[in-house]
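Lettering follows sequence order; numbering is per chain, from 1. Quantities reported herein were computed from a predicted structural model and do not represent experimental measurements.
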Amino acid sequence: MVTVVRHARSVEETHALARRVADLLRPGDVLGVHGDLGAGKTAFVQGLARGLGVTGPVSSPTFTLIHEHEGGRIPLFHLDVYRLQKPDDLADIGFDDYVAAGGAVVIEWAERVAPLLPDERLDISLEEIDGQEGRRIELVGRGPRWETALAQQGAAPAC
Amino acid sequence: MNVLGIETSCDETACAVVADGRRIRSNVIASQMAEHARYGGVVPEVASRRHVEQINVVLKRALDDAGIGFDGIGLVAVTNRPGLLGALLVGVSAAKALALALDVPLVGVHHIEAHLYANFISEGASSPPDFPAVALVVSGGHTDLFHVRGHGDYVLLGRTRDDAAGEAFDKCARLMGLAYPGGPAIEQAAREGDPAAVPLPRAWLPGTHEFSFSGLKTAVRRLAQGETPPPTADLAASFQEAVVDVLVGKTLAAARAVGAPRVFLAGGVAANGRLRARMQAACDEAGLPLFYPPPILCTDNAAMIAATGYFHWQAGHVDGLDLDTIASEPLAAGPAASS
């Protein structure tokens, strides 16, 4: 497990960090996004989508649970499990199908389904700091692939 | 002709019979709300299972209420996009079975388009609204502004960049300790509150027809979880006013921008009394006729599906038994000039 901590002073800096993560994404990747209501989870996913080259709008899928974004370097499947009550519900919204569908899968409120997520994944936690705009963003890489990727990322200059 | 409409895209199992696209002969909605209220949201696994359990009961009830048998159905219309695939499949499978067995045409309907068509269903002798119009579709999953130029001819002017308005109601209700669904709970709490009591941000996003409610949600969270939270009624009233201000202001601005001579309001949040009253006042002042469905046709229902299916069938659009279900699909693209 490798942890990298960044401070974003604005939504733009959150987007910039997410774009850099997007450059690392490969088909079958699973990302968990964590944070309170209003912590900026959807903003982070918007940055991921832009980094992949998705041009369409990226909004919260809380109500519909899944938004599929095509048109980028690889597809981005944006899940929001806020309304799921038990991890088993993840299977019913087709999680395994999305992981196998040739894109990256990013899950908001991932802690609710943590037991069913693959061991190799990137967890992103957002936390409000410094009032209105600032966010502490913690990236936790699990498994060899993300440990290596984050070790390189951690050595890179801060955004 | 009697059109059978079937809707199972989210948390309502609904069937309806609508004659000639406008006259409701039955409209049955088996709401799963009581089931979901315990969880503070829709639980998809529960939703899919309940749809399977309820679809035949709701279908029979819709036919009985309409006073017709299976042989009285001339067309089957069903929501096939967007929505939860597992939930959509229940309605689409039932629709295909009926269309095949009865040898009648099948039409797949876009859920958001159907919300617009709720405005075409006649409750009395009124004539259907005319085109063009600006339409605000506002619900738990959508906050979209369309330029509606004719049947099936839509341009997306703008939508939410983050949370849908109905989602903001649900999440802020939870932050305030109010019940699910958040819309009615906040509207009720707001009646005792002062809409000017708590200053809250409004994202106007000038130069666009887009919306953003995540900043408002964050502001409500800070206040509700702060050391001295404002009275719930005042916070609810101020929150509702902030949402309504933006919805009304941006809808009127969009109507001016495209020169639309009338306004449609649709979707679950269109049942909000404060939104209806403020939108009516603003449209009156601007001299624009406003159309909105009765509350029972704002919520997810199958009458609007039947009405939409009828207009598609009239225009010669029918689907085969290979009709697919689609989780995400926008109703319309944006204007060609914009990015």
Novice: Sequence neighbours excluded and cut-off under 3.5 Å, please list the side-chain donor-acceptor pairs for residues 51-58 of chain A, or say none.
Specialist:
none

Novice: Which one, A:Ile66, A:Val45, A:Thr62, leads in non-hydrogen pairs under 4.5 Å with chain B?
Specialist: A:Thr62
Novice: Looking only at the side chains, is there a donor atom on one of A:Tyr82 and B:Arg174 sitting less than 3.5 Å from an acceptor on the other?
Specialist: yes
Novice: Using non-hydrogen atoms only, which part of A:Leu37 is less than 4.5 Å away from chain B: side chain, backbone, both, or neither?
Specialist: both
Novice: Taking all atoms of both residues into account, what is the closest heavy-atom pair of A:Phe63 and B:Cys10, and its distance?
Specialist: CZ-SG, 3.8 Å
Novice: I'd like to verify something: which residue of B:Arg161, B:His142, B:Lys171 has the highest number of heavy-atom pairs under 4.5 Å with chain A?
Specialist: B:Lys171
Novice: With side chain to side chain contact (heavy atoms under 4.5 Å, CB included) as the test, pick out the partner of A:Ser59 among B:Thr160, B:Thr143, B:Asp163.
Specialist: B:Thr160
Novice: Among B:Glu167, B:Glu210, B:Glu329, B:Lys217, which residue forms the greatest number of heavy-atom pairs with chain A at distances under 4.5 Å?
Specialist: B:Glu167
Novice: Strictly distance-based, threshold 3.5 Å: is any side-chain N or O of A:Gln46 a donor or acceptor partner for the main-chain N or O of B:Asp162?
Specialist: no
